[in-house]
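Beneath this line is the structure, given in structure tokens, with notes to follow.
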Amino acid sequence: MKARVTTQSRKSNSDSLFLLTSFQDDSRKFSKSSLEASLGKAGGAAAILKSLAQQAEGEGFEGRLGQSLRIHESIGQKRVTVIAIGLGKKDQLNSEKLRKAFGTVSRLLPNSLRKNKSARWIVDVNQGYWRQRSVKAYQPKLTFDAGVVPPTVATDLQEYVGAAAEGWGLGSYQYLEFHTEKKKKDLPDFEVFFSPQLTTGINRVKNRLAKAEIVVEAVSLSRDLSNTPANALRPHDLAKKARSVAKKSGLSCQVLDAKALEKEGMGALIGVGQASSSPSKLIILKYEPTGPAGKRPPIVLVGKAVTFDSGGLSIKPAGGMVDMKMDMSGGGAVLATLSAVGQLKPARPVIGLIPAAENMIDGNATRPGDVLKTRSGLTIEVVNTDAEGRLIMSDALDYSKKYKPELVVDIATLTGACMVALGDRVSGLFTNEPEAADKIRKAAAKSGERVWELPLYQEYFDQIRSATADMKNSGGRYAGATTAAALLARFIEGVPWCHLDVAGTAWSDRTEGYSPRGATGAPVRLLIELAQE
């Protein structure tokens with residue numbers, strides 16, 4: 001996706017697109033000013049609006065967030081497409097709702113418009129509002145009706161524009177790597193027009209659009225990795241991809257192989273992957289700015305990358321295995337975030353650790369009842385080989401302490417229990433320090449990726465006590481997300497730490513807003529905001 005600001009006019013004789021926004025408060029009243037501005041009062045605007053109103057009534061269009069209408073009309077030699085998109089309640093408009101709305105719009109574009117060079121979104125902040133400008137020459141155009149954004153958010157113009165651009169790019173995502181006929185849909189560039197007389201905020205908008213391009217690229221990379229079939233992305237493949245991304249993004253990359261892991265004493269990471277013909281690895285990515293900024297304590301991101309999870313000898317049912325290529329989504333999110341960090345160049349070091357393993361079955365597989373010795377020296381009784389993510393993360397979290405970090409954040413598709421608790425729209429948040437959780441919540445609010453904190457009381461640590469070892473890797477059915485987090489917390493004591501359980505948010509079974517079915521790329525946007533804090 002390309003996104004940019006322009007003050008230059010450009011004529012086009014191509015088909016045109018109009019975006020009409022609608023709030024739940026006043027869902028059926030579509031302004032005709034934006035249509036008449038380009039089509040003229042006798043150019044069919046009234047007929048288009050009549051058709052739109054009839055369709056709205058027939059389809060029960062109420063202006064709810066994500067609701068949409070689309071009609072096509074022929075005006076002379078041109079084909080006019082009008083998309084009406086719901087934004088929900090007017091007083092609840094925010095960046096995330098614009099991101100979702102523009103994701104929906106980018107998916108609804110007719111093929112006749114996709115090959116146009118740019119989709120124009122005409123912006124005027126006159127009197128603190130975004131107003132549609134009456135300029136015939138710009139087509140195709142994405143036009144906001146007058147007064148869509150209240151004056152109170154005028155100072156956040158760049159964030160609203162950036163969120164819309166991100167939705168525009170992310171909504172058009174497709175994974176076609178294994179299709180013999182790659183029918184990839186084109187997407188017009190996202191272009192914001194400022195009138196030559198209006199310069200207020202233009203540089204901030206330019207910078208935010210540049211960031212939006214990087215964010216879309218990073219989230220798309222994370223989605224690609226999680227969507228890749230497990231036979232094409234084993235631990236050694238992920239390591240190869242990490243080296244390629246690091247070279248492109250100006251990062252350093254180191255990969256600890258089986259011999260190095262053994263030297264480090266990472267018995268848990270080795271144990272999970274010992275039944276695979278592709279041995280476990282620890283991928284280390286570093287962004288280290290020069291000068292005083294490079295001497296700051298780093299943020300360390302640790303991402304679970306089980307490239308395929310059969311469940312091991314505690315084998316999953318067949319239906320539970322089919323999407324287990326996505327069990328490396330935490331590691332994919334860390335790799336994607338570091339790729340963005342290398343381009344955005346924040347004023348702090350950021351380190352990514354990706355423990356990568358394949359949880360398979362053969363004569364060497366870890367057995368229920370086995371005891372694994374971790375890098376920290378602590379021992380874990382494996383009572384369920386399908387509770388493997390916390391095992392590989394324990395070694396990586398202990399390794400993270402060597403960097404004397406300011407904050408460690410781990411990201412893992414860790415438990416189905418978190419999905420039961422929070423569903424698939426909110427990631428579980430656990431922490432050993434309230435101030436660390438506040439940083440995550442701040443980044444979550446800015447990125448639009450939701451989190452909700454769950455407790456870590458002493459009773460949950462007691463629940464994973466083992467008679468055979470220092471702890472066991474499963475505390476049973478109740479509070480499964482929390483007991484898994486409690487195990488991780490044992491390996492990061494003394495360091496500010498947050499754990500994000502993204503089992504629900506990293507994958508979607510439906511297409512909605514800017515998120516397609518399959519990998520969502522969560523929580524890459526949150527992590528990028530955290531790195532730039």
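If you read the sequence from its start, that first residue is 1, and numbering goes on from there.
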Review point. Nearest 0.5 Å, what's the CG-CD1 distance between N473 and I380?
Key: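 It is 7.0 Å, given to the nearest 0.5 Å.
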
So, [X] and [Y], do they make that salt bridge, N to O below 4.0 Å?
X    : Y    : value
R204 : E159 : no
D327 : K304 : yes
D424 : R510 : yes

Review point. Around atom NZ of K184, are there more than 12 heavy atoms of other residues, nucleotides or ligands at under 6.0 Å?
Key: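 Yes, because the 6.0 Å sphere around NZ of K184 holds more than 12 heavy atoms from other groups.
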
**Study point:** Exceeds 12 heavy-atom contacts within 6.0 angstrom, atom NZ of K446
**Key:**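 Check fails, neighbour count at 12 or below.
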
Review point. Taking it one step at a time, do E96 and Y514 satisfy side-chain hydrogen bond (donor to acceptor under 3.5 Å, both in side chains)?
Key: CA-CA 10 Å; E96 177 65 1; Y514 55 80; 2.6 Å; yes

Review point. Yes or no on side-chain hydrogen bond (donor to acceptor under 3.5 Å, both in side chains) for S329 and S226, after CA distance, side-chain angles and deciding distance?
Key: CA-CA 5 Å; S329 294; S226 297; 2.9 Å; yes

**Study point:** Q343 side chain to S339 backbone, donor-acceptor under 3.5 Å
**Key:**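 The answer is yes, because a donor-acceptor pair under 3.5 Å joins these two groups.
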
[X]-[Y] side chain donor-acceptor pair, cut-off 3.5 Å:
X    : Y    : result
S515 : T520 : no
T483 : Y478 : no
S277 : R234 : yes

Practice item. Could you label the plane-to-plane angle of the F178 and Y175 rings as parallel, tilted or perpendicular, counting under 30° as parallel and over 60° as perpendicular? Key: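 The rings of F178 and Y175 sit tilted, inter-plane angle from 30° to 60°.
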
Check your understanding: Which residues satisfy the salt bridge (Lys or Arg N to Asp or Glu O under 4.0 Å) test with D386, sequence neighbours excluded?
Key ->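 Listed in chain order: K316.
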
Point to revise | Working for salt bridge (charged side-chain N to carboxylate O under 4.0 Å, His left out), residues E512 and R107 | key: CA-CA 10 Å; E512 184 178 57; R107 287 189 287 102; over 6 Å; no

Check your understanding: Is any side-chain heavy atom of N94 less than 4.5 Å from a side-chain heavy atom of K97?
Key ->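 When only atoms from C-beta onward are counted, K97 and N94 do touch, with a gap below 4.5 Å.
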
Exercise for review: Would you check if S280 and I392 make a side-chain contact, meaning some heavy-atom pair closer than 4.5 Å?
Suggested key: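 S280 does not reach I392 side chain to side chain.
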
Exercise for review: Sort and list the pairs that fulfil salt bridge (charged side-chain N to carboxylate O under 4.0 Å, His left out) and have at least one residue in residues 161-179, not counting sequence neighbours.
Suggested key: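 Salt bridge (charged side-chain N to carboxylate O under 4.0 Å, His left out) check on residues 161-179 returns R99-E166, E166-R208.
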
Sequence neighbours left out, cut at 3.5 Å: what donor-acceptor pairs do the side chains of residues 427-441 make with other protein atoms?
unit_1	atom_1	unit_2	atom_2	d
S427	OG	T505	OG1	2.8
T431	OG1	E433	N	3.1
T431	OG1	E433	O	3.0
T431	OG1	W497	O	2.8
N432	OD1	W497	N	2.9
N432	ND2	V495	O	2.8
D438	OD1	R441	NH2	2.8
K439	NZ	E406	OE2	3.2
R441	NH1	E453	OE1	2.9

